[in-house]
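One structure below.
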Amino acid sequence: MIYILKFGAAWILPPGIFILAMVGVAVYLWKKRGLRCAAGAAAVTALLLYLLSIGAVADRLMGSLERTYDVPARPQGDVIVMLGGGAIADVQDVDGVGMLAQSPSSRLLTTLRLYERHHLPILVSGGQVFSDTGSEAEIARRVLLSLGVPDTMIYVEGRSLTTGQNARYSAEILRQEGFAHPILVTSAFHLPRAVLNFEHEGIVVTPYPADFWVSGNPQLYLIKFAPNAGALLTNTVFLQEKLRIFVTRYLE
């Protein structure tokens, strides 16, 4: 019963309510003479918005991107490189001001666990993209220190504002410090583009996916066909990432 209620509630909240509104517009236009082409356009728009707003589609699209690289059972390398992905400035954290956003927090947890298992130095990469987002690498460094990682085991790259700059400025530090086999940690959906950027800098990495957004073995059930903002975000991120991969591979 609870799943039926959730399915119904999805249609009175965004984006479900907007899909119903678009269907209503399509029906209205269909009844008007000379507006059937417009009605068809409205119906197609409603269908596309619905498909982009359901978990059943998000599982397939994002899952295909996240499975580009498997999690290596025994990663080999001499340094762990963690890419930033957003930070929040001027908020109180446990050990200071400013905190990482959800995705880089997940990346940091994976990085810390790799450090504890392999005792490799860590390079955190990411600058302050906007005035209210905080310096990603500096916040990551602070958190790592509070979790017991020695300062001597942490390298900070705090200039980058894009994935391309992550790779460029990290490559400079890697060469300067004599690291040759980095283990690259970032979100699974972000990893294909990140690997391309490091390859452009002449750096061969061991990809280590973190921060998975969808199950590796997704199942279909009623709620997966209910529109929700989370699925819409996941599908939007997938489309953005595919576009950025195309640009990185063919235009940069």
- Query: When hydrophobic residues are tied together by side-chain contacts of less than 4.5 Å, even through go-betweens, does Leu114 share a cluster with Met153?
  - Reply: yes
- For the student: nearest non-hydrogen atoms of Gln165 and Arg159, plus distance: OE1-O, 3.9 Å
- Message: Counting only heavy atoms from other residues, nucleotides and ligands, does the tally under 6.0 Å from CG of Asp90 exceed 12?
- Response: no
- Cluster check Tyr28, Phe18: I/L/V/M/F/W/Y, side chain < 4.5 angstrom: no
- Indicate yes or no: at least one non-hydrogen side-chain atom of Trp213 is less than 4.5 angstrom from one of Ser103. yes
- Residue Arg113 excluded, over 12 heavy atoms near CZ under 6.0 Å: no
- Verify the neighbour count for atom NZ of Lys242: are there more than 12 heavy atoms of other residues, nucleotides or ligands below 6.0 Å? no
- Item | Side chain proximity check, Leu120 to Val79, heavy atoms < 4.5 angstrom | no
- Would Phe179 and Leu123 satisfy side-chain contact (heavy atoms from CB on, under 4.5 Å), going step by step from the backbone distance to the final call? CA-CA 10 Å; Phe179 296 121; Leu123 168 59; over 6 Å; no
- Going by heavy atoms in the side chains, are Arg141 and Ile122 under 4.5 Å from each other? no
- What heavy-atom pair brings Val23 and Ala46 nearest, and what distance separates the two atoms? CG2-CB, 3.9 Å
- Would Glu136 and Arg107 satisfy salt bridge (Lys or Arg N to Asp or Glu O under 4.0 Å), going step by step from the backbone distance to the final call? CA-CA 12 Å; Glu136 298 169 8; Arg107 300 173 192 180; over 6 Å; no
- For the residue pair Thr110 and Met82, establish whether any side-chain heavy-atom pair is separated by less than 4.5 Å. no
- Query: Are there more than 12 heavy atoms of other residues, nucleotides or ligands under 6.0 Å from atom CD of Glu177?
  - Reply: yes
- side-chain hydrogen bond (donor to acceptor under 3.5 Å, both in side chains) partner of Arg193, chosen from Thr163, Thr68, Thr248: Thr163
- Using a 4.5 Å cut-off on heavy atoms from C-beta on, say whether the side chain of Phe189 contacts that of Asp211. yes
- Note on the structure: The side-chain contact (heavy atoms from CB on, under 4.5 Å) partner of Thr236 among Thr234, Leu232, Leu239 is Leu232
- Linked, directly or transitively: Leu220 and Leu51 (ILVMFWY side chains, under 4.5 Å): yes
- If we only count heavy atoms from C-beta on, is the Val81 to Leu174 side-chain gap below 4.5 Å? yes
- Please answer: with hydrophobic residues joined when any side-chain heavy atoms are less than 4.5 Å apart, are Phe225 and Val214 in the same cluster? yes
- Query: Are Leu83 and Ile80 joined in one hydrophobic group, where the rule is that I, L, V, M, F, W and Y side chains link up if heavy atoms are under 4.5 Å apart?
  - Reply: no
- Modelled atom types, side-chain donor and acceptor of Glu157 and Ser125, under 3.5 Å: yes
- Item | Note, Lys224 side chain near Ile54 side chain (heavy atom, < 4.5 Å) | no
- Any luck finding a side-chain donor-acceptor pair between Ser160 and Arg168 under 3.5 Å? no
- Query: Quick one: are Val97 and Gln92 in side-chain contact, heavy atoms under 4.5 Å?
  - Reply: yes
- Task: Can you label the angle between the Tyr50 ring and the Trp11 ring as parallel, tilted or perpendicular, going by 30° and 60°?
- Result: parallel
- Query: If you draw a 6.0 Å radius around NE2 in His181, do more than 12 non-hydrogen atoms from other residues or ligands fall strictly inside?
  - Reply: no
